[in-house]
Each structure stands twice: as C-alpha cells, then as structure tokens.
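For reference, the structure discussed in these notes is given below.
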Amino acid sequence: MEERYDPQRVELKWQRYWSERGLYKTELNPSLKKFYCLEMFPYPSGEIHMGHVRNYAIGDVIARYKRMRGYNVLHPMGWDAFGLPAENAAIKHSVHPSEWTYKNIDYMKKQLNRMGLSYDWEREVTTCSPEYYKWNQWFFLKMFERGLAYKKYSYVNWCPSCETVLANEQVIEGRCWRCESAVTQKELEQWFLKITDYADELLQACDELKGWPEKVVIMQRNWIGKSIGVEVNFKIIDMEEKIRIFTTRQDTLFGATFVCIAPTHPLAERLVSDKESLEKVRARYGRMDEKIGLFTGYYAINPMNDERIPIYVANFVLMEYGTGAIMSVPAHDQRDFDFAQKYGIPIRVVIVPEDRMQDAGYKIQDKKSHASCIMHHASSSLIIEKAYEDEGILINSGQFSGLRSDIARQDIAKFIEENGLGKSVVNFKLRDWGISRQRYWGTPIPVVYCDKCGIVPVPEKDLPVILPEDVQVTGKGGSPLLESQEFLNTDCPKCSGRARRETDTMDTFVDSSWYFIRYCFKKGDIDLYSEIRNPKSEIRYWMPVDQYIGGVEHAVLHLLYSRFFIRVMRDLGLINFSEPFRNLLTQGMVIKDGAKMSKSKGNVVDPDYLLKKYGADTARLFCLFAAPPERDLEWSDKGVEGAYRFLNRLWGIVYRNKFDPESSSGRNSKFEINKISNLQTSAMSLYRKTHQTIKRVTTDIEREFHFNTAIAGLMELVNWITSFKPQSDEDLVTLRFAIETVLLLLSPFSPHIAEELWEAIGNKPSIFEQRWPKWDEVAAKEEEIELVIQVNGKLRSKLMIPLGLSDNEIKEVALKEQRIKEIVGGKPIKKVIIVKGKLVNIVTGS
RNA sequence: GCGAGAGUGGCGUAACUGGUAGACGCGCUGGACUUAGGAUCCAGUGGGGCAACCCGUAGGGGUUCAACUCCCCUCUCUCGCACCA
C-alpha cells in the first residue's frame with residue numbers, strides 16, 4: 001500500500017517524538033566540541049511572520065547539521081518580551097500588557113514548534129519575567145557604581161507618538177524607528193550608559209570581526225565615527241570669552257575667513273542682539289534643505305595669522321558634535337564655499353594641487369632646509385568655482401607654506417599645542433546610550449530619589465524592583481507607574497526617610513544586550529552572579545556564540561550594544577572574552593511583489609496557512625532553496641509548490657521501491673559495497689553520483705551556508721534515483737544507499753519527512769542520531785571525462801575520454817577528431833593548451 | 001554627496017582559485033495516462049538560422065590561447081550614512 005504524503009500527520013508525529021525523547025536538550029559536555037547556534041529572538045507580537053520562518057529555518061539547518069557533525073550544539077530560543085506594542089494593545093483591547101505578552105508567547109511558541117525547530121526549551125528566556133530583568137537591574141547597579149550609568153539633563157530625541165525618548169540609534173532619518181513619526185528634541189533628565197568610554201575599543205576591535213559581513217563592520221565603524229583633529233581657541237574682539245572650534249583640517253587654518261557657531265551654542269545668546277533673527281535660525285536648526293546664517297556683529301581673531309574674521313550663527317552647525325563651533329574655510333570646504341558666496345565673505349586659497357604649483361608660482365618646501373620660497377601673492381589670481389577639498393600643497397600659510405597638507409596637519413597641530421592655542425583631540429560620533437523610557441512595560445530602573453540623600457541606588461539585596469502589574473494602562477498622561485502609590489513611595493535605602501522611586505523604565509535594547517549569556521544556563525530563578533563566576537560555569541563552555549543569525553536591521557543597534565555590554569561584563573571580572581558573536585550571518589529580507597513583506601504593504605503570506613497547506617518541511621525547503629541566506633528572498637507561491645512536489649516525489653520513490661526489511665536490501669544491509677567493480681554501469685553511476693552529492697552538499701553548507709545549491713544538488717540526485725530501475729539485489733542495495741544518503745542530507749532542511757522515510761525503510765529513529773555521511777573521493781571520481789575541444793577559444797567539439805590520459809595523448813585524441821580536423825584544415829598549429837580533465841584549446845595561425 | 005553591494009533566459013537563481021554560460025526550481029510548449037485535470041509521468045525550452053554556424057552575462061574599451069569572472073570608463077538599481085566640520 002502506498003501511503004500518500006500527509007505532512008500534517010508526519011510532522012506532528014515526529015514533533016511529539018522529538019519532544020518526548022528530549023532529543024534537543026543540551027547538557028554541558030567538556031569532551032565534545034561545542035557549537036553555539038543562535039538566532040535573534042523575536043518580539044512576541046502575536047504571530048510569526050515569513051522573516052521569522054526564514055531566520056529560524058536557516059538557524060535550524062545549521063544547528064542540525066552541526067549536531068550530525070558531532071558537535072555538542074546549544075540552540076536556544078526566547079522572547080524579547082518588553083516593549084511598546086504590548087502597551088498599545090493594552091490600551092486598544094483593555095488587556096494587561098503582561099497577559100497580552102504571555103498569550104502571544106504561548107501561541108508563537110506553538111508556531112515555532114510547528115516548524116519543527118530543534119530548540120532546547122529548557123533554556124527559554126523571557127525578558128519580562130522578574131527573574132530575567134532582575135539582572136538588567138543588577139548590571140545597571142554595577143554600571144552605576146563605576147560611573148558607567150549616569151543621569152544628565154539634556155536635549156534628547158522625543159517621539160511624540162510613542163511618548164518616549166529614543167536613543168540616537170533609534171532615530172532613522174529623523175523618524176522613530178518603530179512608528180516613523182517625526183522625532184523632536186526635548187529637554188529632559190535622563191539615564192545614560194557610557195558606551196563612549198568604549199568607543200575606541202569598539203572601533204579597534206572591528207578589525208577582529210572576521211566572521212562578520214564586511215558591510216556590518218563598516219556600519220559599526222561609521223556609527224562610532226572617529227575623527228582626529230584639533231580644538232583651537234579664537235579670541236573674540238571686545239569680549240573676554242573665546243570660541244573654541246573643532247577641525248580635522250588644521251592645515252587649512254590660514255584660509256579661515258569666518259567662524260560659525262551653532263544656534264544653541266551658549267555664546268549665541270550673548271553675541272546676537274536681534275533675538276528674533278536668532279529664533280529664525282534656531283527654527284531651521286538641523287534642516288538640511290537650506291543653509292542660513294546670521295552675522296553676530298562680532299569678530300574673532302584667527303590665532304594663526306591674527307586676522308579679524310566675522311562670527312556667524314549658522315543653522316547647519318551641530319551643537320552635539322565637536323564643540324558646537326567651527327572655523328569656515330570656503331576655499332576648501334564646499335559647504336563653507338556656498339555659505340561664503342551667499343553672504344559675500346572672502347574666499348582664500350591656501351592649498352593647491354601639487355601639479356598646479358608652477359602656475360601659482362610656488363615651490364614645494366623642502367622640510368629639512370626650510371627653503372621656503374613664497375614668491376608672490378599669486379593666490380589673488382587663483383579663481384576657483386568650487387572648493388578644493390583634496391590634499392595638496394600649502395600656500396599663503398606663513399611658515400607652513402610649501403608643505404604637503406598631510407604633513408602640515410601634523411606640524412600645525414604641534415604648533416597649536418606648543419603655543420597654547422588649543423590641543424589635539426579625538427572626536428566620536430557615537431553618543432552615550434540614553435536608556436530612560438517614559439513607558440510602563442519595561443525594566444524599572446533601580447533607583448530612588450530621597451530629599452536628603454538625592455539619587456540612591458537600590459541595594460542589590462532588594463532586587464528585583466518588581467514592575468507592579470496591578471495598574472491600569474490608559475495611555476494618557478505618561479507612565480502608569482506614576483499612579484501606583486505603592487510602587488512610587490518607598491523608604492530611602494540610606495536614611496530610611498521617605499523617598500520616591502524612579503518611574504522611567506529601561507530601553508528594551510538593554511534586555512537583548514546579554515540574553516545570549518542567560519541561555520548558557522537552564523531557566524528558572526538562578527543566581528546569575530555566582531553561576532557566571534563558578535569556574536565550571538556553563539558560560540565558559542558555551543560562549544562566545546559561534547554562529548549568530550538575524551536581520552541586518554540590527555547592524556548598529558543591538559549588535560553594538562551587545563558588544564558594549566560584554567565588555568562591561570569583562571571589566572566587571574565576570575567573563576574573559578570581549579566579543580559575543582564569532583560569526584554573524586545577516587539574512588536578507590523576504591520580498592513579495594517587489595517590496596518587503598509587511599502588513600502595511602498588504603503583501604504578507606501567513607505562515608500558518610503555509611504550514612497547514614504544505615507543512616513545515618515544504619515551507620523550510622522553499623525558504624532555503626529560493627535564494628542564498630544573505631540575499632533577499634523573492635516570494636513565489638509557485639516556488640513553494642515546487643518544493644512540495646519535490647518532497648512528494650521523494651516520498652513516492654521510497655514507497656514505490658518497497659524495501660523489504662528482511663531482504664538483503666533491508667535493515668541489515670550495511671552497504672559494504674566493497675566490490676564496486678561488480679556493479680552494473682547504471683548502478684555504478686548512481687553510486688558515484690551519491691558520493692558526489694555528499695561532497696557537494698557538504699561543501700555547499702560549509703562554504704557560506706549555500707543551502708540553495710546544496711538543495712539543488714539533492715534534487716539532482718533524486719532525479720537520478722527516479723530514472724534508476726533496479727534489476728538485481730545489488731542494484732537494490734545501491735538504490736537504498738542512495739536513498740538513505742538523500743534522507744541524511746535532506747534531514748537538516750526538511751527534518752520530518754527525512755525522519756519518517758528513514759523509519760519507513762526500516763531504520764530506527766532518530767535520523768538525527770546518525771552521523772553526517774562522508775564521501776569517498778575515489779568512489780566520487782568519474783572514470784570518464786568529457787573533453788571539451790576548442791579551436792582558438794571557441795567550442796568546436798566534445799569527446800568522452802578515459803581518465804588519466806597524458807597531455808600528449810589528449811592532444812593527439814583532440815587533433816584526430818573528425819570535426820577538429822576539418823576546422824583546423826591545413827592551418828599551422830601555434831599552440832595547444834590543455835586544462836587537466838577539462839579541455840583542450842588548439843590555437844592556429846591564420 | 002560618501003560608503004557597500006548588485007546588474008546573467010519569461011522569472012527565482014547557478015557557474016569554487018579565468019577554462020563547456022544558464023545546474024536546480026518556476027513558467028512555457030508538445031506528448032502519455034485519463035470522463036476530466038490546476039494531479040502524475042515523458043520530452044523540449046537563451047536568441048537567430050533548414051543547417052554548418054552566428055549572436056548572447058547592463059553598455060563601451062582593454063589584458064588573455066580563453067573573461068559572467070581580471071583592469072579602465074559609463075549607465076542603472078538596492079541598501080546604509082548623510083550638514084560630523
């Protein structure tokens with residue numbers, strides 16, 4: 001009886017079996033090589049989407065493959081469970097965020113299990129549980145002790161729709177990363193984590209991220225944004241104060257013809273008498289469409305040449321970067337050039353390209369002899385239409401004229417320091433990480449405010465500070481924590497006087513900055529501190545993560561924060577490594593009809609529907625087959641059917657060939673095909689193809705996880721099997737070997753059907769306790785090859801020849817070939833090129 | 001503007017260090033079996049030509065016996081950063 005392939009039946013059967021057998025439970029085992037395979041955990045939004053399906057299918061293939069290769073594999077899953085959507089849902093459907101979240105987790109966990117993913121659920125992490133977020137608070141306290149967590153009053157990014165502060169990393173093109181509302185600036189007192197203390201190290205260590213996509217490393221480098229330059233003080237005429245500017249182009253200092261300060265610069269208020277105009281400039285702060293400036297009426301002195309230059313307030317100068325003031329060199333900065341033209345400010349050339357030195361009448365300064373030859377004021381004849389921003393030779397720059405700009409940068413920096421005009425500095429774009437959120441559903445920041453003692457951290461022994469759940473989330477008037485008197489009012493840990501709790505909660509990115517550490521231990525309320533410090537701790541065995549898989553959207557956010565957190569933990573003496581993720585795979589998006597699948601675009605495909613109609617094996621196979629993991633995946637309903645057809649075909653083959661467990665092709669056959677030469681030619685080729693396929697699939701997986709071509713290879717083998725008609729017992733043994741190999745190679749991709757058919761042909765489950773097959777190089781070798789014969793680089797003929805012919809023999813064979821003889825005719829043969837085992841190219845004269 | 005990546009059949013894609021361009025899948029065409037097929041199986045499928053052959057990897061040059069692959073120029077698309085001084 002040939003059963004039909006019924007994915008529902010098969011998949012549920014094996015999911016139950018795996019779970020009952022506890023097949024994916026992981027234990028520390030020092031005698032085995034470990035492999036930590038991690039996929040980014042989901043936010044429990046309610047249901048999984050195709051991006052999850054793809055992400056987790058990729059991770060599961062790697063985990064299962066590594067397991068079969070003999071690794072002790074840690075493959076955990078959890079929930080990034082705090083966050084705003086829970087509160088929004090609470091407001092909309094009047095359910096408690098907690099209830100909503102846990103219900104979603106329940107459902108999504110079912111969905112993940114329905115996909116047949118090999119997780120060890122005993123290590124499940126749920127970040128909204130007190131036993132987890134307690135350690136967020138603990139880390140916070142440790143950072144507070146070390147001055148790495150601090151509070152400051154400042155302008156911060158504010159999302160009016162989410163009614164909360166956002167970190168710089170969470171503002172994308174001036175909009176909220178979550179709801180895309182325009183972000184405004186608001187002055188607030190906020191908690192920050194001092195990630196800038198690690199800026200240099202995080203940057204340096206980028207070089208070590210060999211297993212990361214270059215693209216992500218570059219994004220991290222750019223985000224950290226190191227620049228080396230100088231700060232220079234410019235005196236203000238008729239005022240005590242100086243303006244401190246920052247520049248990386250101190251070689252152009254002699255060309256500075258004005259100074260600009262940010263509209264929010266502390267001096268702006270004092271220098272500008274016309275407040276109305278100042279407000280106008282301020283209103284356009286940060287707008288890139290138009291550059292406007294306001295002359296203050298004051299002048300500064302360029303300390304290099306004592307020249308009097310005007311001071312402007314300009315909307316494009318950022319208070320947040322450098323000193324909030326710049327010197328402007330219109331000749332060598334396009335932006336300054338445009339500004340100077342608009343406001344009629346002189347433009348002075350101080351650098352010329354090396355090849356234009358002669359026209360300008362200058363000579364390169366010989367550094368040693370100081371033979372500075374400043375001939376005449378040729379600069380007046382240098383008329384430029386745009387700024388020259390490249391390197392060149394200095395002119396009009398006093399003692400520095402004639403120097404190459406890169407050398408002048410060093411010399412001038414030195415000069416500035418030696419003469420007390422300023423100092424060399426390093427600036428970073430990276431800002432400290434603002435973690436305060438004016439929201440309810442997050443980790444309470446463990447701090448109290450006492451009238452007498454000020455800011456007092458909650459003592460460790462009083463952790464966790466529990467987020468009260470008996471509150472009403474209304475969405476009106478800030479966090480519900482402000483309403484909870486029980487939460488709000490507390491005693492000061494120092495003086496026992498009356499105190500008030502901090503009501504802001506932590507950014508949820510704090511939760512995800514160390515969750516992969518927590519997976520190293522089984523779930524439950526553990527004392528993480530002593531667990532980590534135990535010399536036999538599992539963390540020493542499992543960390544770092546060997547393979548991390550997730551979307552590229554976290555290239556700077558989560559990945560940078562995690563790298564920071566791990567370093568803080570290292571400096572707390574908890575761990576002895578610095579990088580959490582050894583290898584990173586950023587999978588592409590799932591695209592449909594030319595756009596990313598998303599609810600707002602209305603082009604989503606529901607995984608539930610897919611799982612129900614085709615089953616998990618098909619869904620997984622399609623996602624893995626349609627594109628390599630790092631590239632975008634174009635959704636195709638037809639393609640899914642193709643994957644389904646393939647599995648059906650495989651199913652049919654196994655049942656059609658009825659392996660009698662009692663016969664020689666049955667369960668006792670160990671495939672000792674030691675007399676290969678006895679096999680019929682067709683069996684021989686199948687046997688060879690099988691070994692070739694083992695090799696191909698294995699190397700495709702090893703080489704950058706090219707699952708798409710690995711699956712293509714499997715399909716080829718199945719095509720061979722389909723056309724193979726066994727005639728003898730030996731043929732059957734060969735066929736069985738081929739089929740068993742297909743099942744083993746397919747098992748990481750489509751685990752259920754592999755397990756089912758493995759059993760159906762008389763093997764004992766589980767297929768996942770089998771070793772990954774090995775190929776035999778000899779058996780995989782073709783005994784004949786197809787020789788391609790080219791004449792002058794053009795394909796002219798093909799010929800089957802036996803393996804192992806010498807170059808001379810090959811040449812002879814090729815030249816004797818009828819068609820080649822015709823083409824070559826009587827032409828002289830200039831050269832014959834032979835590529836071993838592949839082709840011959842005969843080069844003739846004309 | 002800067003940085004990164006990519007342009008290959010009707011479509012998704014393949015071709016590892018230069019060596020048969022188009023594996024595998026989808027779609028399409030024809031056939032078989034069928035009351036029927038949107039099921040299954042078999043065959044074909046880059047374009048042109050009866051054919052030998054010619055033309056084809058965004059476009060144009062170059063290196064080479066040989067280029068999707070290496071070099072130079074141009075164009076297009078995607079992603080990231082974007083007044084960072």
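Within every chain, numbering begins at 1; the chains are lettered A, B, ... in the order of the sequence lines, protein sequences first and strands thereafter. Remember, predicted model here, so these are calculated numbers, not experimental data.
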Around atom NZ of A/K811, are there more than 12 heavy atoms of other residues, nucleotides or ligands at under 6.0 Å?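 No, not enclosed.
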Around atom NZ of A/K342, are there more than 12 heavy atoms of other residues, nucleotides or ligands at under 6.0 Å?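 Counting other residues, nucleotides and ligands, NZ of A/K342 exceeds 12 neighbours.
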Mind checking [X] for me? I need base, sugar-phosphate or nothing, with any heavy atom below 4.0 Å counting as a touch.
X      : answer
A/K429 : base
A/G322 : nothing
A/V317 : base
A/N648 : nothing
A/N427 : nothing
A/Q334 : nothing

Does a side chain donor of either A/N719 or A/R649 reach within less than 3.5 Å of an acceptor in the other side chain?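 There is such a pair (donor and acceptor under 3.5 Å, judged by atom type) between the side chains of A/N719 and A/R649.
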With no hydrogens and no angle check, just 3.5 Å: does a side-chain donor-acceptor pair link A/S227 and A/Y321?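 Judged by distance alone, the side chains do pair up.
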Is the base of B/G9 syn or anti, if syn means a glycosidic angle within 90° of 0?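 This nucleotide is in syn.
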Roughly how many Å apart are B/A36 and B/C54, using the P atom of each and rounding to a whole number?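 It comes out at 48 Å once rounded to the nearest Å.
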Proximity to the side chain of A/R645 - top-ranked nucleotide from B/C24, B/U20, B/A39: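 Closest nucleotide among those given: B/A39.
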Which is more 5' along RNA chain B, the nucleotide nearest A/S723 or the one nearest A/R819? Just name the residue.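 The residue closer to the strand's 5' end, by nearest nucleotide, is A/S723.
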Specify the residue among A/W223 and A/L633 whose closest nucleotide of RNA chain B lies further upstream toward the 5′ end.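 Upstream on the strand: A/L633.
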Would you say the side chain of A/Q790 and the base of B/U20 hold a donor-acceptor pair, judged only by whether the two atoms sit under 3.5 Å apart?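 No such pair is found, so the answer is no.
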